[in-house]
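Have a look at the structure below, then the notes.
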Amino acid sequence: MAIVSGSCRLGLWHVHVWWSGNVVHRVRFATTGISGTVPGPVLRYCAGMPADLSVLGSIALDGDSLSAEIYRAVRDVSYGSTATYGAIAARTGTAPRVVGRAMAHNPTPLVIPCHRIVGARGIGGFTPSVEIKEALLSMERKGTRKVPR
DNA sequence: AACGTACACTTAT
DNA sequence: ATAAGTGTACGTT
């Protein structure tokens, strides 16, 4: 299946997605958009709906490398909740720092919700801007609020 | 191939 | 507040 690309708006940023069927090859944040569309779940998610992005696959999930295992563990963190680098590390039998590195190199953010992985103390980092991470987390908190205020 | 350094961390002084 | 421990990747010898 051919790889197609597209982008959609997410707050002040544009998210570019390269994908093929329901497998996402690359996701990236940029300040400008490109032509083309993105997978439905991504579109809904960016619109602020609690879309389930785990229906999408990611090339980063394949294989039995350590990073693939870490990505699989991260993918299990559900919408609106968070986990610490240390927790993911414990679950995959490695060190927190390694999880941080894997997150930094995550080829498909959102699909693999690396923004839900925070530090034991602080929020942790995010490429290209930690502001995106904060925005995503606050958006998810609102999205899962059971009783509207 | 060894070595040093840089990290999206954590835990212990 | 600072330091030491940790695993992997990457640039330099």
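The stretch residues 123-132 of chain A has no heavy atom under 4.0 angstrom from DNA chain C at all.
Whole-Å rounding puts the A/Glu134 CD to B/dA8 P distance at 16 Å. What separates OH of A/Tyr71 from C1' of B/dA8 is a distance of 11 Å, to the nearest Å. Between the CG atom of A/Leu66 and the P atom of C/dA9 there is a distance of 8 Å, rounded to whole Å. Put simply, NE2 on A/His115 is 14 Å from C1' on B/dA8, counting in whole angstrom units. Rounded to an integer number of Å, the gap from A/Met103 CE to C/dT8 P is 14 Å. With rounding to whole Å, A/Leu137 atom CG is found 18 Å from B/dA8 atom P. The distance between atom CZ of A/Arg97 and atom P of B/dA8, rounded to the nearest whole Å, is 8 Å. To the nearest angstrom, P of B/dA8 lies 18 Å from CD1 of A/Ile112.
No side-chain donor from either of A/Thr92 and A/Thr94 sits under 3.5 Å from a side-chain acceptor of the other.
Hydrophobic clustering (ILVMFWY, side-chain heavy atoms < 4.5 Å, transitive): A/Ile117 and A/Val130 are in distinct clusters. Hydrophobic clustering, with ILVMFWY side chains joined whenever heavy atoms are under 4.5 angstrom apart, keeps A/Val23 apart from A/Leu53.
Here A/Ala120 lies in heavy-atom contact (under 4.0 Å) with sugar-phosphate atoms only.
A side chain to side chain contact (heavy atoms under 4.5 Å, CB included) with A/Pro41 is found for exactly one of A/Asn22, A/Val24, A/Leu56, namely A/Leu56.
Using a 4.0 Å cut-off between a side-chain N of Lys or Arg and a carboxylate O of Asp or Glu, A/Glu140 and A/Arg116 qualify as a salt bridge.
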Start with the C-alpha distance between A/His115 and A/Leu137, add both sets of side-chain angles, then the distance that settles side chain to side chain contact (heavy atoms under 4.5 Å, CB included), and finish with yes or no. CA-CA 7 Å; A/His115 59 279; A/Leu137 290 175; 4.2 Å; yes
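Nucleotide B/dC7 forms a pair with C/dG7, judged by Watson-Crick or G-U wobble geometry with both contacts under 3.5 Å.
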